[in-house]
Structures are given as structure tokens and as C-alpha cells.
Amino acid sequence: MSAENRVNVRGVYFDNVNMEEAVDKAMGFIASEGCDYIVTPNAEIVQNCLENPENYKVINGSSMTIPDGIGVVYAAKILKTPLKCKVAGCELAEHLIEKISKTGDGVYFFGGGKATEQAPCIAKQAADKLTEKYPGLVVSGYRDGYFKDEDVPGIIDDINKSGAKLLFVCLGAPKQEKWIYANKDKLDVHLAIGLGGSLDVFSGNVKRAPKFFIKCNLEWFYRLICMPTRIGRMMKLPKFLFGTMIHKNKNIPEVPEEK
């Protein structure tokens, strides 16, 4: 989608969609040829773009960009170009899993922790949990998120040989978005999505916030309570919002030219 049809929040262009619209668009990508990709920026990722302008081209090059954070929704209101709502990437992913469990399209899980003596890798655990919940789901393949640059061709080959149409890349931002951007022309999947820690949630190793926190847009606060070490990352939210109030959409750094 062109930037003109998106909402500009500090130089990142968001699709103004609700969950149902996002799911419909994503399913359209899965049904189409070529490799589309979806990114799910929150305020931290937008702030990362402001501080590292080379990431703008990666985020804004997506087929769909959804606001995965209430900070982005608040910033859009400050800019007087409101977004409809927060669209959580983890929830979008599960909606797509439910949909493709009925179509027979395969999914590949890439990311998460390694296998241990006590348990398989996180991606395998997520696959087992989701196939139990959605019996028709076809998990075409999986692998953990630990690799070296020289491993990438083999990873791409494994994904392509799997026949999956949907790819979840869960390496953390912005590594996952950069990986998709760099390799999208080599992938045979129809849709790739950067989904951070979603496999940890799907595997049952990390719990999402209780519904009360989600409903009240306090999921970030719940994560901070559970992991106080996230305080450094959380401080990017007030920095981002204050920066939005002061600068609006001005002073957006230029994207460096590719060499």
C-alpha cells in the first residue's frame, strides 16, 4: 500500500485498520502470489526508527503495517490523524492460524529458544500447542532463532522446501524485520510476519496479560510488573510521546541512501 493511504506517525506509515480488516488483508496476501510482509511496530520500534533512520525503509516497505501498541494509537491522536485501534500482532497471528487451519495452507515457525534436554525448541512447542488447539493446522516446518549469517541460505531453502504459505519470523525487532526485508525476494512463502515473542506465548512459556490489563491498554504495565528489567525499554514510550507532542511529524531524520 502506498504511503499516501497510510497514517504517518513520526515517519512510520500505519494502515488504519481494525483486527477484522487486518485479518482479511493478510488472508488476501496468503491467497496471492509473491512474498508480502507485515510489520507490527509499537512505540519502541517507531522510536528506534527515529534513532536509526536506516530502519524506516524496512518498516515502510511492508505490505501492511499495524499499530501493535497503545503508544502508537495515542501518538496518532496527538497528531490529529487517529488510528481506529491497536491491532496486536500476537492476536492477528492467532486469527490467521485459525483461518489457515481450515484452508489447509501451511505455516512455518522461525524463531524462539533452542531445544534443551528437558524440552524441544520453543517453535516446536508452539507448533504442538497450536495443532492441539486447531486440529486442522498444517505446520510445514519450524526451527529456533539461533543462527549465523552463513546459515541463512540453508534456512531459506528449508522454508521454501516446506511448502508453507505463511511464515512467522520471531527474532525480536528490528532483527526480524531486517531479515524479512533482506530475504523476501528469495522466499517462496506468500506472507511473512515479524512477531517478536509470539512463539513464547503460543508455546505456553510466556503468559499474555490478563484480559483486564489488555482491555484497559495496560498490557505494557503488566509486562513491566512481571519483568522489571524491561524498565529501560519502557522508557522509550514517554520519550516517544513527549517527542510527538513537541515535534509532531517534523524533524523526521532522512533515510540514508543504500550503498
Side-chain angles (χ1 to χ4, degrees), residues 1-23 25-26 37-92 172-174 176-178 193-198 208-225 227-228 230-256:
M1 182 179 288
S2 67
E4 288 77 11
N5 297 320
R6 289 173 162 179
V7 174
N8 178 4
V9 179
R10 308 299 304 283
V12 171
Y13 291 84
F14 288 88
D15 290 77
N16 196 5
V17 293
N18 58 29
M19 181 61 75
E20 182 179 0
E21 292 166 336
V23 171
K25 284 192 176 190
Y37 74 100
I38 294 174
V39 292
T40 61
N42 56 16
E44 181 183 352
I45 294 174
V46 180
Q47 184 63 35
N48 181 272
C49 287
L50 286 161
E51 296 170 3
N52 302 277
E54 66 275 9
N55 291 336
Y56 276 115
K57 65 179 182 292
V58 175
I59 301 299
N60 288 332
S62 70
S63 306
M64 181 164 65
T65 301
I66 59 172
D68 183 19
I70 194 62
V72 170
V73 176
Y74 287 158
K77 287 183 180 179
I78 291 169
L79 295 167
K80 301 189 185 328
T81 52
L83 291 161
K84 291 178 182 178
C85 58
K86 170 186 170 183
V87 181
C90 189
E91 292 175 19
L92 172 64
Q176 61 200 13
E177 289 81 12
K178 288 181 176 180
I193 313 178
L195 288 167
S198 293
R208 281 201 74 192
K211 290 182 179 179
F212 168 80
F213 285 87
I214 296 173
K215 185 177 180 180
C216 295
N217 294 315
L218 291 171
E219 193 169 2
W220 62 271
F221 183 61
Y222 177 81
R223 290 198 298 269
L224 181 59
I225 293 171
M227 296 182 64
R230 292 174 64 96
I231 185 65
R233 291 176 58 184
M234 291 296 182
M235 289 308 295
K236 286 187 179 289
L237 177 57
K239 181 178 181 180
F240 167 71
L241 289 176
F242 281 123
T244 302
M245 286 187 280
I246 295 168
H247 299 296
K248 307 297 182 186
N249 272 337
K250 300 175 182 177
N251 299 329
I252 304 300
E254 292 185 8
V255 180

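Excluded from the calculations below are hydrogen atoms, water molecules and symmetry mates; all remaining heavy atoms, backbone and side chain alike, are included.
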Novice: Give, for atom NZ of Lys86 and atom OH of Tyr74, the distance between the pair rounded to the nearest 0.5 Å.
Specialist: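 Result: 10.0 Å between the selected atoms.
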Novice: Closest approach of Gly11 and Asn60, non-hydrogen atoms and distance?
Specialist: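 So the minimum-distance heavy-atom pair works out to O-ND2, 2.9 Å.
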Novice: Using 0.5 Å steps for rounding, measure from the CD atom of Glu177 to the CD1 atom of Ile45.
Specialist: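 Taking CD in Glu177 and CD1 in Ile45, the distance rounds to 5.0 Å.
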Novice: Just grab all the salt bridge (charged side-chain N to carboxylate O under 4.0 Å, His left out) pairs involving residues 60-82, residues at least two apart or on different chains.
Specialist: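 Applying salt bridge (charged side-chain N to carboxylate O under 4.0 Å, His left out) to every pair that reaches into residues 60-82, excluding sequence neighbours, yields nothing.
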Novice: Starting at CZ of Arg6, measure out to CG of Leu83 and round the result to the nearest 0.5 Å.
Specialist: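 Rounded to the nearest 0.5 Å, the CZ-CG separation comes out at 11.5 Å.
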Novice: Quick one: side-chain contact (heavy atoms from CB on, under 4.5 Å) partners of Thr244, sequence neighbours excluded?
Specialist: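 Expected list: Arg10, Ala75, Ile78, Leu79, Phe240.
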Novice: Please enumerate all residues that pass side-chain hydrogen bond (donor to acceptor under 3.5 Å, both in side chains) together with Asn16, with sequence neighbours excluded.
Specialist: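 Residues passing side-chain hydrogen bond (donor to acceptor under 3.5 Å, both in side chains) with Asn16: none at all.
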Novice: My understanding is that only residues two or more places apart in sequence, or in another chain, count here; which of them pass side-chain hydrogen bond (donor to acceptor under 3.5 Å, both in side chains) with Thr65?
Specialist: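 Once residues adjacent in sequence are excluded, the partners of Thr65 under the side-chain hydrogen bond (donor to acceptor under 3.5 Å, both in side chains) criterion are Ser62.
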Novice: Can you tell me how far CG of Leu92 sits from CE of Met64, rounded to the nearest 0.5 angstrom?
Specialist: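 Answer rounded to 0.5 Å: 6.0 Å.
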Novice: Val73 and Pro67: which non-hydrogen atoms are nearest, and at how many Å?
Specialist: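 Val73 and Pro67 have their closest heavy atoms at CG2-CB, 4.5 Å.
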Novice: Roughly how far apart are Phe14 CZ and Ile66 CD1, rounded to 0.5 Å?
Specialist: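 Interatomic distance, Phe14 CZ to Ile66 CD1, rounded to 0.5 Å: 9.5 Å.
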Novice: Can you name the side-chain hydrogen bond (donor to acceptor under 3.5 Å, both in side chains) partners of Asn251, sequence neighbours left out?
Specialist: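 Partners of Asn251 by the side-chain hydrogen bond (donor to acceptor under 3.5 Å, both in side chains) criterion, ordered by chain and then number, come out as His247.
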Novice: For Asn55, what residues pass the side-chain contact (heavy atoms from CB on, under 4.5 Å) criterion, not counting sequence neighbours?
Specialist: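 Applying side-chain contact (heavy atoms from CB on, under 4.5 Å) to Asn55 gives Asn48, Cys49, Asn52, Pro174, Lys178.
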Novice: Glu51: what forms a salt bridge (Lys or Arg N to Asp or Glu O under 4.0 Å) with it, not counting sequence neighbours?
Specialist: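 Salt bridge (Lys or Arg N to Asp or Glu O under 4.0 Å) check on Glu51 returns Lys236, Lys239.
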Novice: Flag the pair Leu50 / Pro253 as yes when at least one side-chain heavy-atom distance between them is below 4.5 Å, and no otherwise.
Specialist: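 Yes. Closest side-chain heavy atoms under 4.5 Å.
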Novice: Can you sort out the partners of Lys248 under side-chain hydrogen bond (donor to acceptor under 3.5 Å, both in side chains), two or more places apart, ordered by chain and number?
Specialist: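 Result, side-chain hydrogen bond (donor to acceptor under 3.5 Å, both in side chains) vs Lys248: none returned.
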Novice: So, using side-chain contact (heavy atoms from CB on, under 4.5 Å) as the criterion, who are the partners of Glu254 when residues are at least two apart?
Specialist: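 Glu254: no side-chain contact (heavy atoms from CB on, under 4.5 Å) contacts found.
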Novice: Which heavy-atom pair separates Thr40 from Gly194 by the least distance, and what is that distance?
Specialist: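 So the minimum-distance heavy-atom pair works out to OG1-O, 3.2 Å.
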Novice: Less than 4.5 Å apart, side chain to side chain, heavy atoms only: is that true for Asn18 and Val87?
Specialist: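 They are not in contact (no side-chain heavy atoms under 4.5 Å apart), so the answer is no.
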Novice: Roughly how far apart are Cys85 SG and Met19 CE, rounded to 0.5 Å?
Specialist: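 Between Cys85 SG and Met19 CE, I get 7.5 Å after rounding to 0.5 Å.
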Novice: Taking Asn249 for its side chain and Asn8 for its backbone only, find out whether a donor-acceptor pair lies under 3.5 Å.
Specialist: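 Confirmed, Asn249 side chain pairs with Asn8 backbone.
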Novice: I want to check something: taking the side chain as every heavy atom from C-beta on, are Tyr13 and Ile59 in contact at a cut-off of under 4.5 Å?
Specialist: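 With C-beta onward as the side chain, the pair stays apart.
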Novice: Identify the heavy atoms of Pro41 and Val72 that sit nearest to each other, and give their distance.
Specialist: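 Where Pro41 meets Val72 most closely, the heavy atoms are O-CG2, 4.0 Å.
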